[in-house]
Amino acid sequence: MNHLLRTFVLSLVLVLTTRILHAQEKKERRARVPHKYLFFPYPLDKNWHVSLGFTLTTMPEDITEEVQIRAPAGDFHVLRKLGKGFYLDGRVNFQVLQNHISIGPRWAKVLNDRFSVSVGDDMAWWFGNLNVSGFNTKAHGWLNYPNASIGYRFKKQVLMTLKGEASITLSDESRVGEQLLENNRTRFNGVGGTILIEQPFYKNKSIILGFKGQYTNFYWQTWPLFETFDRTIFYPEIIVGFIL
């Protein structure tokens with residue numbers, strides 16, 4: 001009798017365990033994102049995700065003095081899978097006069113088949129070179145961007161991401177001719193928010209469309225304008241990318 005009871009209990013545990021594992025597998029299949037993504041906060045299914053595109057930022061009149069300047073920059077973005085929800089996020093924004101390189105870790109967590117979240121922290125280095133009136137002007141600096149994102153799947157083919165981040169200057173340096181100006185004081189610049197849509201575009205390629213708003217007293221693309229005030233200003237930016 002005891003032997004039969006033990007056999008029954010073991011069989012019941014085995015059946016229940018199998019059903020739980022099967023249900024979990026079905027849940028993970030439903031939650032799996034069916035196409036490539038760059039900004040959507042989700043554990044990577046492949047080792048690399050890569051996109052190429054551009055950003056377009058409008059400089060405020062407070063800095064440009066009545067002349068509206070729209071400064072496009074190339075945008076190369078790559079993700080590298082690390083495992084267990086972790087991955088590296090690397091990005092290069094490049095122009096003729098200035099460039100911006102960032103890299104940092106991300107940890108993503110799937111909440112259900114609709115929502116997922118991530119947290120991360122990026123280190124960035126910007127640099128530029130400008131020759132004005134015979135003076136060779138150079139500048140560079142280090143920035144830090146702690147960030148968090150929440151993603152929502154409208155349906156299988158459309159992914160929306162809301163991302164918030166802070167901007168912190170760690171140090172910067174500029175040189176005009178032989179004159180050198182250094183600032184190693186850490187200072188809080190401001191905050192930014194981004195809304196992005198990622199979806200299939202053509203064949204196995206996907207497209208990224210986004211808008212970013214930054215409320216900050218320093219933006220790396222404005223260094224050649226030599227602003228003479230310390231004021232927090234709003235910088236709007238359009239993001240367009242093609243996931244390769």
Side-chain angles (χ1 to χ4, degrees), residues 28-59 69-82 85-96 98-120 122 124 145 147-165 192-214 219-221 234-244:
E28 290 178 355
R29 283 202 302 266
R30 289 198 305 269
R32 189 172 295 125
V33 176
H35 63 84
K36 297 177 183 178
Y37 47 89
L38 264 293
F39 291 93
F40 191 68
Y42 197 88
L44 298 189
D45 57 343
K46 297 181 179 180
N47 287 334
W48 297 94
H49 287 199
V50 180
S51 75
L52 184 63
F54 65 91
T55 62
L56 184 63
T57 305
T58 299
M59 301 301 169
I69 299 177
R70 291 177 173 84
D75 186 8
F76 177 71
H77 199 169
V78 59
L79 306 181
R80 168 62 179 174
K81 181 180 179 181
L82 298 178
F86 288 92
Y87 56 95
L88 280 178
D89 187 305
R91 196 174 179 188
V92 180
N93 294 106
F94 50 93
Q95 288 180 317
V96 176
Q98 57 263 326
N99 305 277
H100 182 277
I101 302 172
S102 67
I103 187 169
R106 296 282 190 283
W107 178 74
K109 173 68 175 177
V110 178
L111 301 181
N112 52 45
D113 60 350
R114 290 290 184 180
F115 287 95
S116 56
V117 295
S118 73
V119 292
D122 295 338
Y145 300 105
N147 58 81
S149 299
I150 181 169
Y152 177 76
R153 297 175 59 181
F154 282 105
K155 45 188 175 180
K156 287 185 177 181
Q157 302 297 318
V158 181
L159 308 175
M160 183 183 73
T161 302
L162 298 176
K163 178 181 178 182
E165 65 182 12
T194 309
I195 180 170
L196 301 122
I197 295 293
E198 296 172 281
Q199 65 181 55
F201 178 64
Y202 178 70
K203 292 186 177 180
N204 63 338
K205 305 295 187 297
S206 296
I207 190 171
I208 303 168
L209 297 174
F211 174 81
K212 180 178 182 179
Q214 300 181 76
Y219 181 54
W220 63 274
Q221 290 188 27
F234 180 74
Y235 294 85
E237 178 180 286
I238 294 173
I239 301 169
V240 179
F242 299 92
I243 304 176
L244 307 178

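Bear in mind that the values here come from a model prediction, so they are computed numbers and not experimental data. This chain uses plain numbering: 1 for the first residue, then up along the sequence.
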If you count heavy atoms of other groups shown closer than 6.0 angstrom to CD1 of Ile150, is the number above 12? yes
His77 ring center within less than 6.0 Å of Phe39 ring center: yes
Between Val110 and Asn112, which heavy-atom pair has the shortest distance, and what is it? CG1-O, 3.4 Å
Side chains of Tyr219 and Thr57: do they bring a donor and an acceptor to under 3.5 Å? yes
ring-ring contact (aromatic ring centres under 6.0 Å, His included) with Phe115: which of Phe154, Tyr152, Phe40? Tyr152
Is there a side-chain contact between Leu44 and His49, using heavy atoms and a 4.5 Å cut-off? yes
dist Leu244:CG -> Trp48:CH2 (nearest 0.5 Å) comes out at 13.5 Å
Can Arg153 and Asp113 be said to form a salt bridge (Lys or Arg N to Asp or Glu O under 4.0 Å), step by step? CA-CA 8 Å; Arg153 297 175 59 181; Asp113 60 350; over 6 Å; no
May I ask you to check whether Phe94 and Phe76 place their ring centres under 6.0 Å from each other? no
Do the charged groups of Lys36 and Asp45 touch, with an N to O distance under 4.0 Å? no
Flag, side chain of Thr161 to backbone of Leu196, donor-acceptor distance under 3.5 Å: no
For the residue pair Tyr42 and Tyr37, categorise the inter-ring angle as parallel (less than 30°), tilted (30 to 60°) or perpendicular (more than 60°). perpendicular
